[in-house]
Number of protein chains: 2
Amino acid sequence: MALEHAILVSLLEQPGSGYELARRFERSIGYFWTATHQQIYRVLKRMEGDGLLDVRDVPQERRPDKKEYSVAGPGRAALSGWLHEPIEPESLRHDLAVKIRGAAFDDPAALLDEVERHHRVHSDRLAHYLTGELRDFTGPDAPAPLDAGQELQHVVLRGGIAYERMTVAWLDDVLATLHRLGAAGPRR
Amino acid sequence: MALEHAILVSLLEQPGSGYELARRFERSIGYFWTATHQQIYRVLKRMEGDGLLDVRDVPQERRPDKKEYSVAGPGRAALSGWLHEPIEPESLRHDLAVKIRGAAFDDPAALLDEVERHHRVHSDRLAHYLTGELRDFTGPDAPAPLDAGQELQHVVLRGGIAYERMTVAWLDDVLATLHRLGAAGPRR
DNA sequence: TCGTTCTATGCAACTGGTTGCACAGCAAGC
DNA sequence: GCTTGCTGTGCAACCAGTTGCATAGAACGA
């Protein structure tokens with residue numbers, strides 16, 4: 001259950017409410033682990049019950065109160081334990097690849113729009129990551145000597161950048177292949 | 001539920017039993033969608049009940065009988081419908097990245113073994129994919145002009161190859177970063 | 001002959017994640 | 001004044017996927 005661990009890491013980097021966590025999962029943490037707010041609230045409650053997290057009610061002006069979570073001692077221990085456990089190298093789960101192979105039994109050209117749409121999404125993500133990298137790590141406003149935490153965040157971000165770059169290049173390959181098949185023989 | 005669709009594609013490419021499907025999910029289809037035999041049997045049964053698949057009992061010599069599944073008309077229609085639906089571009093779910101960010105709050109050097117292990121697994125997968133590519137698509141024994149289905153299988157395999165290559169390169173980057181941090185200051 | 005491996009199928013319990021819905025206060029624009 | 005959108009929290013139902021276990025015949029080597 002890596003969501004728990006992702007939450008621990010995120011709260012160690014910066015304590016926050018469920019809502020704030022949900023927003024982080026749309027951004028940085030979400031680059032490599034996604035979660036909806038419903039799930040986050042549920043897991044936070046369980047983790048609090050298990051003593052992994054501390055909560056603090058924070059009244060706010062001009063907005064609803066929030067519960068700010070932070071990592072308690074046992075939470076830190078749980079994370080440390082997990083870090084020392086081996087995990088399975090994970091495999092892809094790529095619907096689009098299933099579709100592409102399935103297109104052999106349908107009209108390959110019909111996939112063009114879909115593939116182009118994915119291409120746009122991944123290009124946008126790539127641009128977004130590159131902007132973030134410039135802002136936080138390589139640009140003039142970035143902290144001059146990065147500390148260990150920042151170095152590690154950067155190497156993870158470089159992974160996201162590499163992934164998106166690779167995906168965009170592959171989708172170019174897919175598009176070229178689909179065009180080639182469309183030109184050769186429209187359908188089976 | 002892409003497992004259903006992955007099964008349809010696989011059975012269209014070649015009818016087979018649950019057991020054979022499970023083996024394919026360890027190989028080619030498994031490059032981009034994984035499933036255990038328990039799940040496959042359960043889904044096959046449901047799909048048969050829904051009329052998407054036909055079954056045929058095949059007695060075998062020297063081994064237990066098997067049920068050979070093939071795609072029925074409605075199954076083909078279901079696949080075609082799905083191919084025309086847009087799907088969400090998916091995001092990574094990468095435990096290792098969570099661990100790497102978490103290492104900032106523990107001993108980064110302790111991750112070295114784990115990262116090296118993942119590096120080996122991905123290198124092996126890459127080698128395996130490249131062997132398969134040579135055998136089925138680019139080598140002298142490959143069919144000379146590929147048909148549409150083979151072209152599409154090949155472009156998907158190229159995606160797997162690109163993914164593994166990218167991952168191996170990134171893990172090199174991660175290793176270098178961890179070494180650098182270990183040399184600079186052992187722990188926080 | 002005995003343990004192991006391979007083919008072949010399956011159930012049951014659990015857990016993690018998704019989807020749909022609800023409530024509430026406040027701000028901003030039409 | 002009304003709708004829209006943002007912050008903030010949550011429940012309930014469902015579904016997909018994992019884990020552990022069970023069975024059974026045949027082959028194969030120690």
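In the text below, chain A, chain B and the rest are named by the order of the sequence lines, each starting its count at 1.
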| Nearest-Å distance for atom pair NZ/C1', residues A:Lys66 and C:dC26 | 16 Å

| field | Of the listed nucleotides D:dG8, D:dT19, D:dG17, the one nearest the side chain of B:Leu3 | value | D:dG17

| message | Any N or O donor-acceptor pair under 3.5 Å from the base of D:dG10 to the side chain of A:His37? | response | yes

| Rounding to a whole Å, what distance do you find between A:Ile40:CD1 and D:dG10:C1'? | 13 Å

| said: When you measure from the side-chain N and O atoms of B:Gln38 to the phosphate of C:dG10, is any distance below 4.0 Å, counting only OP1 and OP2? | reply: no

| Under 3.5 Å donor-acceptor pair, A:Arg42 side-chain atoms to C:dG17 base atoms | yes

| Length of the line joining A:Met47:CE and C:dG16:C1', which is rounded to integer Å | 14 Å

| task | Would you mind reading off the distance between A:Glu26 atom CD and D:dC6 atom C1', rounded to a whole angstrom? | result | 12 Å

| said: On the nucleotide D:dT7, are OP1 or OP2 found under 4.0 Å from the side-chain N or O atoms that A:Tyr19 carries? | reply: yes

| task | Taking only Lys NZ, Arg NE, NH1 and NH2, and the carboxylate oxygens of Asp or Glu, determine whether A:Arg24 and A:Glu13 approach each other closer than 4.0 Å. | result | no

| Spacing between B:Phe25 atom CZ and D:dA16 atom C1', to the nearest angstrom | 14 Å

| A:Arg158, CZ: over 12 other non-hydrogen atoms inside 6.0 angstrom | yes

| A:Lys45 side-chain N/O to D:dG10 phosphate OP1/OP2 under 4.0 Å | yes

| Heavy-atom donor-acceptor pair, A:Asp50 side chain to A:Leu52 backbone, under 3.5 Å | no

| request: Would you sort out whether B:Tyr31 and B:Leu157 count as a side chain to side chain contact (heavy atoms under 4.5 Å, CB included), showing the intermediate values? | output: CA-CA 8 Å; B:Tyr31 298 167; B:Leu157 179 56; 3.7 Å; yes

| remark: Which of D:dT7, C:dT18, C:dT7 is nearest the side chain of A:Gln39? It is C:dT18

| Whole-Å distance between D:dT9 P and A:Glu20 CD? | 8 Å

| Has B:Tyr41 got a side-chain N or O lying under 4.0 Å from the OP1 or OP2 atom of C:dT9? | yes

| task | Check whether any side-chain nitrogen or oxygen of B:Thr36 sits under 4.0 Å from OP1 or OP2 of D:dG17, and answer yes or no. | result | no

| said: Under 4.0 Å from OP1 or OP2 of D:dG17: is there any side-chain N or O of A:Arg93 that close? | reply: yes

| message | Side-chain N or O of B:Ser17 versus OP1/OP2 of C:dT9: is the shortest distance under 4.0 Å? | response | yes

| message | side-chain hydrogen bond (donor to acceptor under 3.5 Å, both in side chains) for A:His84 and B:Asp106? Distances and angles first, verdict last. | response | CA-CA 10 Å; A:His84 290 266; B:Asp106 204 83; 3.0 Å; yes

| remark: Judged by nearest nucleotide, the residue sitting upstream toward the 5' end of DNA chain D, B:Ala2 or A:Lys67, is A:Lys67

| For B:Arg23 and C:dT9, what is the distance between atoms CZ and P respectively, to the nearest whole Å? | 13 Å

